[in-house]
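Okay, structure first, notes after.
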Amino acid sequence: MAMTEFQTVFGSLKNYEKGDIEIIDDDKKNYTFSNVFEIASKSAPYERVVVGKNLEYVLETIRAEGTSDWYTTSHDEFALVMDGYVELDLVKLDNPETIAPPEKEGAVKLKGDPEGKKMGLIKMKRGHQALLPVGAAYRFRAPDSDAVGVILMQTCKGEESIEKWAEICYT
Amino acid sequence: MAASEVEVSASPVSNETGYRSFELGEFGFARDEYFVYISWTAKGQKLSHTMSADAFLRATMRCVAWGFFYGWLNFDDIFGTQQLYGRVKFYAGRFSPAFHDQGLDHEEIFETPRAMATFKEMLADWTNDGYDPFAAPDETGLSWIGKKNGSNEEAIGREREVCRRMPGLPGDAPLRTDESGRPVNRAFADVPQDQPEVHAEPGFEGEVHAHNLFGYLSRSDVTWNPSVSSIVKQSLFCPTTEEYILPVKHGNDRMEWFIQLSDQIDWEIEDKETGRPRAKVIMKAGDVSIMPADIRHQGFSKKRSMLLVWENGNPDLPAMYEKGELPVNLSGEF
Ligand SMILES: [Fe+2]
């Protein structure tokens with residue numbers, strides 16, 4: 001096979017094709033089968049829809065459109081951009097534990113703007129993954145309405161996590 | 001006990017084929033020009049299982065690279081290994097009702113260093129020059145066929161790439177670049193290689209970090225061999241690139257999640273105990289699916305694809321599943 005024969009297919013909000021389950025002796029529900037682009041196409045901006053769960057750990061799908069609220073966590077999180085263009089602002093919080101104490105898992109929404117030192121800015125496109133470090137507040141910005149973002153979050157289940165399995169999965 | 005200090009039971013070199021044969025407990029392993037023969041005794045009868053040497057070497061390579069991984073690594077419907085964390089069980093016929101129902105299966109538990117040392121020596125002896133058991137068939141030769149002809153220590157000695165937090169952070173696993181000898185794979189030549197724009201304020205350079213994960217994956221030189229590329233407590237992102245057939249039918253001792261990042265993989269799902277087909281899960285880019293804890297699965301990827309395997313590395317999980325404390329899937333959440 002020559003190199004030119006290969007075309008890598010990524011999904012996007014505008015162009016995705018959901019797979020399927022062929023049942024022989026089983027139940028589609030056993031696979032909690034969803035598609036992040038389909039979910040994001042129906043989500044409100046920055047709603048954190050759980051697409052994967054393994055005890056306290058979750059994967060969340062986020063539709064990044066416009067500017068998000070500020071969030072922080074008592075642990076690292078990672079954001080993988082699956083589509084679009086997303087900017088990420090990071091601020092080192094002066095008192096992170098007053099917002100997200102160590103025993104509290106998952107993202108916590110800040111009331112208003114963060115108090116602390118500016119850490120930096122990251123500009124991301126499809127396939128780019130960023131660390132959201134513990135102790136930092138972050139917000140996403142997706143300024144381009146033609147490049148709405150889809151983010152896959154690696155995090156823990158928290159008060160912002162929304163579970164709606166029957167709506168997103170094959171049943 | 002290091003693997004190198006463990007004694008491996010091997011025969012002298014065969015005059016006919018140039019390969020050695022191996023014994024591990026009551027299991028025998030031999031290869032010739034085309035096949036590997038696994039033998040055991042049950043009910044006083046000698047039994048054997050014949051596999052393509054190509055398929056056997058691909059599966060053995062994953063056992064070695066993954067340290068026997070999580071759960072069951074079925075080489076096919078007959079032979080496989082079960083992870084017991086510190087020890088490993090080898091079995092023949094255990095999950096094949098035709099053997100098991102008649103008591104003709106065989107299981108034996110070994111200390112992991114001994115099993116690992118045996119597999120490593122077998123792999124080294126049986127891998128010929130020019131054959132790479134990590135590569136897709138399109139990328140490697142047919143030199144697995146035939147009598148012993150050289151070796152390929154470089155291919156089989158690759159270390160699994162495991163980060164502590166995220167590759168590219170100071171002191172963490174390196175990113176993959178042309179300069180570090182990690183060119184873009186032929187099947188991912190069209191994957192953008194640009195890195196995210198990172199603007200860190202002074203003093204925060206070591207914490208403001210992002211990289212091109214898809215670019216990183218496009219530079220993987222192995223198939224069906226997850227690396228660990230981001231970690232939240234025990235939540236592990238284990239992305240991998242897949243082409244052709246997963247060399248084992250993986251049975252889980254916990255729930256495993258798949259996120260198809262690019263292209264397509266078809267998964268054949270079988271009952272873990274009997275091997276009876278249950279479903280075929282067809283995953284395309286953006287799809288997310290669980291691999292339940294009571295099945296075994298084998299993937300087929302025509303075009304080299306990017307798969308994000310998501311694991312919960314909590315060491316207590318297998319015991320919790322065994323006691324029935326955890327559901328095997330999430331169907332109860334609907
Ligand atoms: Fe698996």
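Chain letters run A, B, ... following the sequence lines, proteins first and then strands; every chain starts at 1. Quantities reported herein were computed from a predicted structural model and do not represent experimental measurements.
The backbone N or O of B:Asn329 sits nowhere less than 3.5 Å from a side-chain atom of A:Asn30 that would complete a donor-acceptor pair. Listed for the A:His128 side chain is a donor-acceptor partner under 3.5 Å among the backbone atoms of B:Asp194. Side-chain N or O atoms of A:Gln154 include one that pairs as donor or acceptor with a backbone N or O of B:Ser230 at under 3.5 Å.
Heavy-atom distances place the backbone of A:Val58, and not its side chain, under 4.5 Å from chain B. Contacts of A:Leu59 with chain B are made by both backbone and side-chain atoms, with heavy-atom separations under 4.5 Å. Interface residue B:Asp263: backbone and side-chain heavy atoms are both found under 4.5 Å from chain A. The contact between A:Leu80 and chain B is made entirely by side chain atoms (from C-beta outward), counting heavy-atom distances below 4.5 Å. Only the side chain of A:Leu90 has a heavy atom closer than 4.5 Å to any heavy atom of chain B. Of the two parts of A:Lys125, only the side chain, counted from C-beta on, holds a non-hydrogen atom closer than 4.5 Å to a non-hydrogen atom of chain B. Only the side chain of A:Glu163 comes within contact range of chain B, with at least one heavy atom under 4.5 Å from a heavy atom of that chain. With a 4.5 Å cut-off on non-hydrogen atoms, B:Ile231 touches chain A through its backbone but not through its side chain. For B:Gln234, the parts lying under 4.5 angstrom from a heavy atom of chain A are both the backbone and the side chain. For A:Glu105, the part sitting under 4.5 Å from any heavy atom of chain B is the side chain, from C-beta outward, and nothing else. For B:Leu236, the part lying under 4.5 angstrom from a heavy atom of chain A is the backbone only. With a 4.5 angstrom heavy-atom cutoff, A:Lys92 touches chain B only via side-chain atoms.
Between B:Lys303 and A:Phe6 the shortest heavy-atom distance is CD-CD2, 3.7 Å. Residues B:Ala285 and A:Val9 share a closest heavy-atom pair of CB-O, 3.7 Å. For the residue pair B:Ile295 and A:Tyr31, the shortest heavy atom distance occurs at CG2-OH, 4.4 Å. Across every non-hydrogen atom of A:Met124 and B:Pro196, the tightest pair is CG-CB, 4.1 Å. Of all non-hydrogen atoms in A:Phe78 and B:Arg165, the two that sit nearest each other are CZ-O, 3.4 Å. Taking each heavy atom of B:Phe214 and A:Phe10 in turn, the nearest pair found is CD1-CE2, 3.4 Å.
Within a 6.0 Å radius of NZ in A:Lys164, more than 12 heavy atoms belonging to other residues, nucleotides or ligands are found. Counting heavy atoms of neighbouring residues, nucleotides and ligands inside a 6.0 Å radius, atom CZ of B:Phe69 exceeds 12 of them. Other residues, nucleotides and ligands contribute only 12 or fewer heavy atoms inside 6.0 Å of the CG atom of A:Asn15. The number of heavy-atom neighbours closer than 6.0 Å to CD of A:Glu17, taken from other residues, nucleotides and ligands shown, is 12 or below.
Across B:Glu311, B:Gln195, B:Lys284, the residue that shares the most heavy-atom pairs under 4.5 angstrom with chain A is B:Lys284. The most heavy-atom pairs under 4.5 Å with chain A, out of B:Arg276, B:Met255, B:Arg304, B:Glu207, come from B:Glu207. Taking chain A as the reference chain and counting heavy-atom pairs below 4.5 Å, the highest number among B:Ala279, B:Ser305, B:Pro202 is found for B:Ala279.
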Next item on the list: Could you walk me through whether B:Leu261 and A:Met82 pass side chain to side chain contact (heavy atoms under 4.5 Å, CB included), step by step?
Entry: CA-CA 8 Å; B:Leu261 296 176; A:Met82 298 287 289; 3.8 Å; yes

Margin query: Please evaluate residues A:Asn54 and B:Asn314 with respect to the criterion side chain to side chain contact (heavy atoms under 4.5 Å, CB included), reporting the C-alpha separation (whole Å), side-chain torsions for both, the decisive distance (0.1 Å), and the verdict.
Written below: CA-CA 10 Å; A:Asn54 202 330; B:Asn314 183 341; over 6 Å; no

Next item on the list: Starting from the C-alpha separation in whole Å, work towards a yes-or-no answer on side chain to side chain contact (heavy atoms under 4.5 Å, CB included) for A:Cys156 and B:Val232.
Entry: CA-CA 8 Å; A:Cys156 295; B:Val232 175; 4.2 Å; yes

Next item on the list: Please assess A:Tyr16 against B:Asp287 for the test side chain to side chain contact (heavy atoms under 4.5 Å, CB included), listing each intermediate value before the final yes or no.
Entry: CA-CA 9 Å; A:Tyr16 69 89; B:Asp287 287 343; over 6 Å; no

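Counting only heavy atoms from C-beta outward, the side chains of B:Val288 and A:Ile168 never approach each other to under 4.5 Å. Residues A:Gln129 and B:Tyr216 have side chains not in contact (no heavy-atom distance under 4.5 Å, counting atoms from C-beta outward). Contact check for B:Glu333 versus A:Lys53: side-chain heavy atoms found under the 4.5 Å cut-off. Under the 4.5 Å side-chain criterion, counting only non-hydrogen atoms from C-beta, B:Val208 is in contact with A:Ile122.
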